[in-house]
Novice: 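Encoded as structure tokens, here's the structure I'll be asking about.
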Amino acid sequence: MYHIIKQCMLIIIHAVHIFSISGYSHVEFGDSTTELRIARIFGDKTGWLYIRHQQILRAEYVEGVQSHLITSVNLDLDKNTTLHAPLNMTVAGTTLNLRGRVTFNNLIVEKNGLVNLYPTSYTATFSIGAYHQTSAPGQYQLGYLGLKHGSTFNPVDGLNLLVATMEMKRFVILVTDYVKIQASSLTLERGAELNVVGRGRVEDAPTAGHGKLYGGGSYASEGGVGDDQTLSAVSSPYGTLYKPTVPGSPGGNGAKGGGYIHIASNIIHLDGFFRASGGDSSSGGGGSGGSIYVVCYQVLKGLGTMEANGGSVSSNKFGAGSGGRIAMETEVDLFSDNGGYSAAGGTSTAPNGRGGPGSVYIKSGKDRNIVETLIIDNSNGQKEFYALLDETNTDLKFDVVQIKNYAKLQIIEDGKARTLTIDKVRGDGTGLLRMKANQKGTLERNSATFLNSKLEINLELHNGGEFILSETTTILGGASVALDLDGILRGVVNLILGPGRYMRMGRNAMIVPFKVTALSGQARVTFGLLQLDPGSRIDYDKDTGADMLLGTLNAKFKSTITADYFNITCSKVLIELEALMSSASPDRAQSQQIDVYTGQVDTDHVFLD
């Protein structure tokens, strides 16, 4: 071993050919501005070398030569220090604490290697005798980042990375507050995770979403409440479903919400997990799920999972967190049919304790072949809370919307005229879509599907809202009220109420042809065909009669229509065995204005069984 010491611009440079640290040694060198140049470093992986103040460690670096530093000692760098390494560096079985400037371009962390990234560290290049910063503090620009099985990569506050290629091998788990990655290629092998579960920064989540008392945090919908709370104590939903980049909210006196993951890459191969769920809690409310926003410019593939679930709780005194938001955009989607998405609310044993649903938005294809899908994830089966569409754009359109497992979807009621167009609705008979004042929903009426539609969801139309449906629509919702009308239903020529389904006609309900604009002189109900399948029922509100202009009224076995009166103009009436049309007082017990002088029928066109 030999030393060369010289003075240059107040920087003392020590040049060491061979430097060896072993036996749990701890080594510091020089004064605050010393530069230590080491040609070869040896160690048994137990020793520590500390770089302090404004010191520079030039480790196995030869200018103009692409060399590779493989660590055999543990390195600890202060805030204003520099690790001047070759372009290629491997942390193998040692620890690297980075708080200052680094010059490597390609980093591999091997088994038992640990890298701690602090928010003051950043990347730089070195040329013509000077350092050139390539990223801001807390951000990193690399050519390659490889995390091998058994390694630990720990961004202390969050990861903000610009990288050409990033690979996470099997079962590597990267845990931090948030993740922002821009890459050409990103690969997560089986069991690997980008994990921000319960790491959402409280100050970055809107205060209105924070759980109250012991309630769950809100995000895509409301969090649940404990036994001692009423539904008036829920916090407020927030955020966009299209580009979610905010964290989830904390539960009251409980866990934090999920952080956020934002990925932009040309190619993504996800066999592992993106996890942004809210934290579980045993002391208060569960945190709401966080955000996952993935933009893949070419191909997204794999068998993995993206998760932004609400946090669950251990007691019925606490409410669980709501589901978070997942958004994915890609040109070629080879993931959605093989991998999975999960953004459900958390669980609680309190009656209203389960968190509300989260949202999953998928945009795939290019140019005119783009398909946009919205999934309302209510896998926990709660029945109280609605997913809320509160977007800057007042005219929303989706190719596919999935509403299952008792999920409920509604648009914010803010006085603005808002529209929702859905080309295909996927349901299981339990979900619900609601429209209110100044809102118009168009369902399954594009050029390919508008002729015939079978809706396996429940519909609510309140306060003068409007639905536009296919020309022939079959209502197959399985709720106690499958079709709840107190607004305008437009465009349906043939309405079929499925077996055992129930339809309510409110005082403000009107069913009119598609092109009708003047409603004052229009019959309240206009159809080519109104068919009630066996066991189905239509009830008009109290003090309301049935004014109908029909081609055919077909009441199947044991179907029922009740109204204060019937004023029907039609070509044909078919009433099967045990079917009933009733204005009798026992069937209209709530009505105060039954008018026995209103209503008529032409018996020449009535066929009774």
Side-chain angles (χ1 to χ4, degrees), residues 45 70-71 74 88-98 104 106-117 140 142-161 163-181 183-200 255-256 258-263 265 267-280 289-292 294 296 299-309 311-312 324 326 328 334-336 338-343:
K45 301 184 180 181
I70 301 175
T71 61
N74 302 287
N88 305 304
M89 182 171 176
T90 296
V91 179
T94 63
T95 297
L96 175 61
N97 294 326
L98 287 178
F104 54 72
N106 304 311
L107 177 64
I108 298 173
V109 187
E110 293 281 1
K111 183 177 181 180
N112 297 323
L114 167 61
V115 176
N116 291 313
L117 293 180
Y140 312 93
L142 299 175
Y144 176 79
L145 176 61
L147 306 179
K148 299 297 184 69
H149 174 65
S151 67
T152 302
F153 191 75
N154 178 34
V156 173
D157 283 350
L159 177 62
N160 193 334
L161 174 65
V163 63
T165 300
M166 179 174 175
E167 295 180 329
M168 296 177 63
K169 299 299 183 179
R170 292 175 59 185
F171 305 111
V172 173
I173 301 177
L174 190 160
V175 180
T176 189
D177 291 355
Y178 66 86
V179 173
K180 294 181 182 178
I181 297 176
S184 293
S185 176
L186 173 64
T187 300
L188 274 72
E189 292 187 356
R190 182 167 61 89
E193 297 182 17
L194 292 176
N195 186 313
V196 294
V197 174
R199 299 290 293 258
K256 291 182 179 180
Y260 68 88
I261 297 173
H262 183 189
I263 308 291
S265 181
I267 299 172
I268 299 175
H269 190 160
L270 177 61
D271 283 332
F273 299 89
F274 294 159
R275 297 192 192 272
S277 296
D280 296 336
S291 297
I292 299 175
V294 176
C296 187
V299 180
L300 173 64
K301 58 185 176 180
L303 305 173
T305 303
M306 302 185 194
E307 296 179 354
N309 299 316
S312 296
I326 299 173
M328 186 278 287
L334 302 179
F335 177 82
S336 294
N338 301 298
Y341 305 93
S342 181

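Counting from 1, the numbers follow the sequence of the chain as shown.
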Novice: Indicate yes or no for a side-chain donor-acceptor contact from N74 to the backbone of K45 under 3.5 Å, with no hydrogens or angles considered.
Specialist: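 Between the backbone of K45 and the side chain of N74 there is a qualifying donor-acceptor contact (under 3.5 Å).
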Novice: Please step through side chain to side chain contact (heavy atoms under 4.5 Å, CB included) for the pair F153 and L145, ending with a clear verdict.
Specialist: CA-CA 10 Å; F153 191 75; L145 176 61; 4.0 Å; yes
Novice: What's the separation between atom OG in S336 and atom CG in L300, rounded to the nearest 0.5 Å?
Specialist: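 Between S336 OG and L300 CG, I get 7.0 Å after rounding to 0.5 Å.
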Novice: Give the minimum heavy-atom separation between S312 and D280, together with the two atoms involved.
Specialist: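 So the minimum-distance heavy-atom pair works out to N-OD1, 2.7 Å.
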Novice: Quick one: do E189 and R170 make a salt bridge, cutoff under 4.0 Å?
Specialist: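 Result for this pair is no, no salt bridge flagged.
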Novice: I want to check something: taking the side chain as every heavy atom from C-beta on, are L194 and I181 in contact at a cut-off of under 4.5 Å?
Specialist: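 Yes, their side chains come closer than 4.5 Å.
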Novice: For A308 versus G290, what's the shortest heavy-atom pair and its separation?
Specialist: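 Between these two residues, the closest heavy atoms are CB-O, 3.6 Å.
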Novice: Tell me the closest heavy-atom pair linking F104 and M89, and the distance in Å.
Specialist: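 Nearest pair, atom of F104 first, then M89: CD2-SD, 3.5 Å.
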Novice: Going from CG on N106 to OG1 on T165, what distance comes out if it is rounded to the nearest 0.5 angstrom?
Specialist: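 Going from the CG atom of N106 to the OG1 atom of T165 covers 9.0 Å.
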Novice: Taking all heavy atoms of A276 and all of G259, pick out the closest pair and write down the distance.
Specialist: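 Heavy-atom minimum between the residues: CB-O, 3.7 Å.
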Novice: Considering only heavy atoms from C-beta outward, does the side chain of Y178 approach that of H262 to under 4.5 Å?
Specialist: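 No. Closest side-chain heavy atoms not under 4.5 Å.
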Novice: To the nearest 0.5 angstrom, please state how far the OG1 atom of T305 sits from the CG atom of L188.
Specialist: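 Atom-to-atom, T305:OG1 and L188:CG are 11.5 Å apart.
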Novice: Say whether, by atom type as modelled, one donor and one acceptor occur between the side chain of D271 and the main chain of L303 under 3.5 angstrom.
Specialist: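 Judged by distance alone, yes, a pair lies under 3.5 Å.
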Novice: Could you grab the distance from atom CD of E193 to atom CG of L174, nearest 0.5 Å is fine?
Specialist: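 Output value for this atom pair is 10.0 Å.
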Novice: Can you name the one residue among L114, T95, V175, N112 that meets side chain to side chain contact (heavy atoms under 4.5 Å, CB included) with T152?
Specialist: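 When L114, T95, V175, N112 are each tested with T152, the side chain to side chain contact (heavy atoms under 4.5 Å, CB included) holds only for L114.
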Novice: Atom OG1 of T176 and atom CG of D157: how far apart are they, to the nearest 0.5 Å?
Specialist: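 If we round to the nearest 0.5 Å, T176:OG1 and D157:CG are 7.0 Å apart.
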Novice: I want to check something: taking the side chain as every heavy atom from C-beta on, are I173 and F273 in contact at a cut-off of under 4.5 Å?
Specialist: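 Heavy-atom side-chain distance check fails, nothing below 4.5 Å.
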Novice: Where do L270 and M306 land on the side chain to side chain contact (heavy atoms under 4.5 Å, CB included) test, with the steps shown first?
Specialist: CA-CA 9 Å; L270 177 61; M306 302 185 194; 4.0 Å; yes
Novice: Would K111 and K148 count as a side chain to side chain contact (heavy atoms under 4.5 Å, CB included) here? Give the steps.
Specialist: CA-CA 6 Å; K111 183 177 181 180; K148 299 297 184 69; 5.8 Å; no
Novice: How close do V197 and G278 get, counting heavy atoms only, and between which atoms?
Specialist: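 Closest heavy-atom pair between V197 and G278: CG1-O, 4.1 Å.
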Novice: Any heavy-atom pair between the side chains of Y144 and I108 that's under 4.5 Å?
Specialist: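 With C-beta onward as the side chain, the pair touches.
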Novice: Look up atom CG in L107 and atom OG1 in T90, then write down how far apart they are to the nearest 0.5 Å.
Specialist: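 Interatomic distance, L107 CG to T90 OG1, rounded to 0.5 Å: 7.5 Å.
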Novice: Give me the atom names and distance for the closest heavy-atom approach of I326 to S342.
Specialist: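 Taking I326 first and S342 second, the nearest heavy atoms are CD1-O, 3.6 Å.
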Novice: So, for Y341 and F274, is the gap between ring centers shorter than 6.0 Å?
Specialist: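 So the answer is no for these two rings.
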Novice: Is there a donor-acceptor pair under 3.5 Å between the side chain of T71 and the backbone N or O of T94?
Specialist: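 No, T71 side chain to T94 backbone: no donor-acceptor pair under 3.5 Å.
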